[in-house]
Amino acid sequence: MRRLLIGLVTGAMCVAATACGSSDSSDSSGTDSAGSDKASGGTATVEVGVIPIIDVAPLYLGQKKGFYSDRGIKLSLTSAQGGAAIVPGVVSGQFDFGFSNTTSLLVAGSKNVPVKAVVNGVASTGEEGADFAALAVKKGSPLKSAKDVEGKKVAANTLNNICDTSTRESVRKDGGDPSEVEFVEMPFDQMGAALEGGRVDAACVVEPALAGIKAKGGTSIASLFFDVSPDLTVAMYFTSQQYARQNPEMVKKFQEATAASLKYADSHPDEVREIITTYTKIPAPLVKTLTLPRWPAEPDRASIERLSELGVQDGLFEKAPDLDKLLP
C-alpha cells in the first residue's frame with residue numbers, strides 16, 4: 001500500500017490518479033467527484049479529504065456554526081488514513097481541498113507535484129510534555145525517553161513522513177541514533193492495540209488515539225512535534241494548482257470560512273470536544289481528557305523551514321521544495 005501511495009503521488013504530475021486512502025467514514029452527500037463547483041440553490045458542494053483526528057475539528061465545528069454555508073459552501077468530508085493518501089486525491093480532482101501534515105506537502109512539493117497550501121490547519125501546543133502528539137509507550141514499558149527507541153519498532157501512520165522526521169529528531173536530541181529506529185505503518189486508532197500486543201515498542205500518536213493509550217496506563221516519553229519546533233505548523237489545508245487557477249473565488253471563500261473556523265475553535269474548547277464525538281469513535285468521557293492542539297490563523301514559516309531541513313537531512317527528499325510556491 002505504501003509503495004502504491006508513493007507511486008500515485010509521483011505519477012500525479014503526469015496523469016490523473018485515484019486516491020487510495022483507507023476511507024472509514026464519510027458524510028459525503030453522494031455528489032460526483034469534484035472537478036468544478038457543483039451548485040444547488042446557490043450553494044456549491046466542496047469535496048474535502050480529511051483524517052478522522054481532532055486536528056480537523058474546526059471544519060466540523062465551522063460547518064455547524066454556518067461559517068461555510070454563509071459563504072455558499074456545503075462541505076462533503078471524506079476520511080483517509082493520512083495526508084499521503086489525500087495528496088493524490090486532490091491532484092487527481094477527487095477532492096477540491098485536502099488536509100495534510102506539512103511533511104506530506106513538502107514531499108509533494110519536492111517532487112513538483114502541483115499542490116498549493118491555502119490556509120493553516122493545526123499547530124503544536126508549544127508545551128513540552130503537554131502536546132496533542134507524543135512518542136507513547138504502554139504501561140510498564142522499559143522505554144523511558146526517546147533515546148531508548150533506538151533499535152526498537154515505532155508505529156507511524158504513514159512511513160517517510162512527519163512521524164519519522166519528528167521521532168528521529170526526538171531521538172537525535174536525546175543522544176540516540178535516529179537511523180536505528182524501525183518504523184511500522186498503521187492507522188492511529190490501531191496503535192494502542194499494537195502497543196498492548198507487543199507488535200511495536202512505541203508509537204508516534206496523536207489525539208484522540210493518544211488519550212486511549214493513556215487511559216490504559218500508557219505514557220509519553222517525548223513531545224515529538226515540540227522537539228521539531230515549539231510552534232510547529234503540523235498540517236495545512238491545500239488544493240491543486242489547477243483548482244486554484246480555475247476557482248479563485250471558491251479558494252478565497254474556503255480560506256475565509258476555514259480561518260473563521262480555526263479562530264472559533266481556538267477560543268471554544270468545550271464545543272471542540274463536543275464536535276469530536278460526532279466524527280471519531282472515541283467515547284465521550286474520554287474526550288474530556290484530550291489535549292487539544294492550537295489552531296492559529298497563520299502558519300509558522302520558521303517551523304516549516306525546520307521541517308524542510310529535517311526532510312533533507314533524513315532523506316525524505318534530495319532537494320527542499322520552494323516554500324514560496326507551496327505556502328499560502
Side-chain angles (χ1 to χ4, degrees), residues 4-21 23 26 28-40 42-51 56 59 68 71-121 158 161 233 235-259 299 301 304 308 317 319-328:
L4 178 58
L5 290 178
I6 293 173
L8 284 173
V9 173
T10 305
M13 294 180 287
C14 305
V15 297
T18 300
C20 59
S23 178
S26 171
S28 174
S29 59
T31 56
D32 294 333
S33 61
S36 59
D37 293 345
K38 296 169 288 297
S40 175
T43 298
T45 298
V46 172
E47 305 285 347
V48 186
V50 296
I51 311 170
V56 298
L59 280 192
Y68 292 93
R71 294 166 174 82
I73 296 174
K74 179 180 179 181
L75 294 181
S76 177
L77 307 174
T78 300
S79 294
Q81 181 171 319
I86 295 173
V87 169
V90 170
V91 174
S92 69
Q94 179 185 1
F95 305 127
D96 300 316
F97 299 94
F99 176 86
S100 174
N101 73 71
T102 305
T103 297
S104 285
L105 295 178
L106 291 171
V107 170
S110 73
K111 297 178 180 292
N112 294 318
V113 177
V115 294
K116 176 71 175 179
V118 296
V119 64
N120 198 32
T158 306
N161 215 281
T233 294
M236 294 178 283
Y237 294 95
F238 70 103
T239 189
S240 67
Q241 293 177 10
Q242 180 181 10
Y243 186 90
R245 288 193 302 269
Q246 295 177 348
N247 303 276
E249 287 302 313
M250 180 55 70
V251 170
K252 182 179 179 181
K253 291 178 180 179
F254 182 81
Q255 287 174 325
E256 292 174 348
T258 304
R301 180 164 179 132
I304 297 173
S308 183
F317 34 80
K319 183 180 179 181
D322 186 339
L323 295 187
D324 291 332
K325 291 182 178 180
L326 181 63
L327 299 182

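- What you find for Leu327 and Lys116 is that their closest heavy atoms are O-NZ, 2.6 Å.
- Put simply, CZ on Phe97 and CG on Leu59 are 11.0 Å apart, with the number rounded to the nearest 0.5 Å.
- For the pair Ser79/Val50, a side-chain contact is recorded, criterion being any heavy-atom separation below 4.5 Å from C-beta on.
- Counting heavy atoms from C-beta outward, Thr43 and Thr45 have side chains that stay 4.5 Å or more apart.
- Summarising the local packing, CD of Gln242 is surrounded by 12 or fewer heavy atoms from other residues, nucleotides or ligands at distances under 6.0 Å.
- Listed for the Ser110 side chain is no donor-acceptor partner under 3.5 Å among the backbone atoms of Pro321.
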Audit row: Tyr68, Thr258, side chain to side chain contact (heavy atoms under 4.5 Å, CB included) steps and yes/no: CA-CA 8 Å; Tyr68 292 93; Thr258 304; 2.9 Å; yes
Val91 and Phe238: CA distance, side-chain angles, deciding distance, side chain to side chain contact (heavy atoms under 4.5 Å, CB included) verdict: CA-CA 10 Å; Val91 174; Phe238 70 103; 5.8 Å; no
From CA spacing to verdict: side chain to side chain contact (heavy atoms under 4.5 Å, CB included), Thr78, Gln94: CA-CA 10 Å; Thr78 300; Gln94 179 185 1; 5.5 Å; no
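- Closest non-hydrogen pair, Val119 versus Phe254, comes out as CG1-CE2, 4.3 Å.
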Please list, one pair per line, the donor and acceptor atoms closer than 3.5 Å that link side chains of residues 98-108 to other protein atoms, with sequence neighbours excluded.
| residue | atom | partner | partner atom | Å |
| --- | --- | --- | --- | --- |
| Asn101 | OD1 | Thr103 | N | 2.9 |
| Asn101 | OD1 | Ser104 | N | 2.9 |
| Asn101 | ND2 | Ser104 | OG | 3.3 |
| Asn101 | ND2 | Asn161 | OD1 | 2.7 |
| Thr102 | OG1 | Thr233 | O | 2.7 |
| Thr102 | OG1 | Val234 | O | 3.2 |
| Ser104 | OG | Asn161 | OD1 | 3.2 |
| Ser104 | OG | Asn161 | ND2 | 2.8 |

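- Heavy atoms only, all atoms of each residue included: Thr239 and Ala244 are closest at CG2-CB, 4.0 Å.
- Here the straight-line distance linking atom OG of Ser308 with atom CZ of Arg301 works out to 10.0 Å at 0.5 Å rounding.
- Nearest heavy atoms, Met250 versus Val46: SD-CG2, 3.7 Å.
- The nearest pair of heavy atoms linking Ile73 to Leu75 is CG2-CD2, 3.8 Å.
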